[in-house]
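Proteins get letters first, then strands, A, B, ... in listed order; numbering begins at 1 in each.
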Protein chains: 2
Amino acid sequence: MSAVETAMQGLRAKIASGELAPGQKCPPEGELAAQLGVSRSSLREAIRALSALGVMEARHGSGTYVSSLEPAEILKGFALLVDIFPFDSVLELFEIRRALESHAAAAAAARSTPELLAELDELVAKMEATENSADISDLDARFHEAICEAGGNATLTGLMTLFRSRGRHFNIFDSAEGAKVREVSNKGHRDILEAIHRRDPASAATATAAHVAQSEFWLKKFRPAPQLEG
Amino acid sequence: MSAVETAMQGLRAKIASGELAPGQKCPPEGELAAQLGVSRSSLREAIRALSALGVMEARHGSGTYVSSLEPAEILKGFALLVDIFPFDSVLELFEIRRALESHAAAAAAARSTPELLAELDELVAKMEATENSADISDLDARFHEAICEAGGNATLTGLMTLFRSRGRHFNIFDSAEGAKVREVSNKGHRDILEAIHRRDPASAATATAAHVAQSEFWLKKFRPAPQLEG
DNA sequence: ACACAATATTCATCAGATGACTTGTGAAAA
DNA sequence: TTTTCACAAGTCATCTGATGAATATTGTGT
């Protein structure tokens, strides 16, 4: 086994065994490298790899820490990854969104609270009141996220937020038929919202599936070039 | 921006722009480091991070290559991650499995082929014929994977295989009520199989949801310690 | 008790040297 | 001609040591 693999396995073992608990500070690089029997360079590469996976976090001047290990938290680090997926794969993500967001919407409808309904009402009203595509995109993202959160599964919520992040770069609200897109999108949100108001999980699920499918349709139709910032 | 971040962004940009295409070989470390304006050490850490994310692959003595960038392929690298998730998070993964595998099973039922049916028949027959828990675990995994594959979404298939990988470590077939577990599990597989034979997507979905829920129930009940190898 | 400066700890980066592995080349043998 | 083998070049892997930068701690003076 290579030195870096040795270090990664060693760290993984320390974490899995509880010797290094989530949030805990690790020994300094030099000491840790000695413990694991590798050089500081190799240990640093191992830590860098685990950092990329969201398992550890190195803070300059302070130390290296084990992260929370919550899937929802870890998923946030993968946005960079989704950005470079090929277009066809993005379409596969939409199918997954369709299934999972429907599921979450049904759960949200079953357990909705006045607070959730109030927030969703406000978001939909704001979306219908503006034509600024950036604002709409933000409101739309929050609308879907709030429903996922209400579903009660933080991992699912994180996964959906991650998958949506790529779609947002395509800015379908800015396309040639932007007005039409907004109109149908608003209608979709209304349908979902009403189903949740009625505490109707089945309708919430089908409305959400239809809405996501609609987004997918537009994305396929326009297939605008993604905006790569940075 | 730190040196390693600079290198990662640079590599990401080269990949996103197509300068480095999937499968392509990168320039040697020294040259790449010079291009990006960082030291070899920093570049190596960046490459190590991208390797952990499944975006690149360094082959000793040969060179560094850009990976296929297929989500299904990239997901395979995350098994290490799922291994260290806290137990409660694993339960959240089961809810996701329930939704997604149901979806895939419905799709598989709608588009099943004689080849798929033949394989599933054989897998179920073998599972019913043995009591070896390791074999059963393998066959069970293949059964679910084959159905996901038939669903036609490679990303979804990869995601499910990843999520299942953690559950397998718990070896519920070896628990105190192993015989009972096997019996109910086999019944669940029969139900799913028959629904697919009948080309009945709705039944396939509900049978799959019930089967996954059953697995989740047992896992909660026994909560056996995971076997950490390595 | 508080503010602030000095000190210590720790990660970040760089440079250079050496080892290990892969690959292609060319010569020798079949 | 084809196959086999040794060798050399190219490349990644690892280690060491030194220096810089950010943070945490300590001590001091008010």
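Between dT22(C) and S62(B), no contact under 4.0 Å exists linking OP1 or OP2 to a side-chain N or O. Side-chain nitrogen and oxygen atoms of S41(B) include none within less than 4.0 Å of the OP1 or OP2 phosphate oxygen of dA15(C). Side-chain nitrogen and oxygen atoms of S42(B) include at least one within less than 4.0 Å of the OP1 or OP2 phosphate oxygen of dC14(C). Not one side-chain nitrogen or oxygen of R40(B) sits closer than 4.0 Å to the OP1 or OP2 atom of dC15(D). The phosphate of dT16(D) (OP1 or OP2) has no side-chain N or O of R44(A) nearer than 4.0 angstrom.
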Go through the steps to decide whether R59(A) and E57(A) satisfy the test salt bridge (Lys or Arg N to Asp or Glu O under 4.0 Å), and finish with yes or no. CA-CA 6 Å; R59(A) 298 179 205 157; E57(A) 183 190 354; 3.8 Å; yes
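The nearest whole Å value for the distance from the NZ atom in K25(B) to the P atom in dG10(D) is 11 Å. Rounded to whole Å, the distance from CG on L43(A) to C1' on dA13(D) is 15 Å. The separation between E45(B) atom CD and dC11(C) atom P is 12 Å, rounded to whole Å.
Residue contacts for R59(B): at a heavy-atom cut-off of 4.0 Å it reaches the sugar-phosphate backbone alone, with no base atom in range.
S67(A) approaches G54(A) most closely through the heavy-atom pair OG-O, 2.6 Å.
Taking the side chain of S39(A) as heavy atoms from C-beta on, and the options dC15(D), dC12(D), dC11(C), the nearest nucleotide is dC15(D). Relative to the side chain of A58(B), the nucleotides dT14(D), dC12(D), dT13(C) differ in distance, and dC12(D) lies closest.
Evaluation of atom-type donor-acceptor distances gives a pair under 3.5 Å for the side chain of H60(A) against the base of dA21(D).
By the side-chain hydrogen bond (donor to acceptor under 3.5 Å, both in side chains) test, R111(A) pairs with no residue at all, sequence neighbours left out. Considering only residues two or more places apart in sequence or on other chains, E122(A) meets the salt bridge (Lys or Arg N to Asp or Glu O under 4.0 Å) condition with K126(A).
Nearest-nucleotide mapping onto DNA chain C: of V38(B) and E29(A), the residue sitting toward the 5' end is E29(A). Looking at which nucleotide of DNA chain D each of G61(A) and G30(B) is closest to, the 5′-most match is held by G30(B).
In this structure, CD on E73(B) lies 11.5 Å from OG on S89(A), to the nearest 0.5 angstrom.
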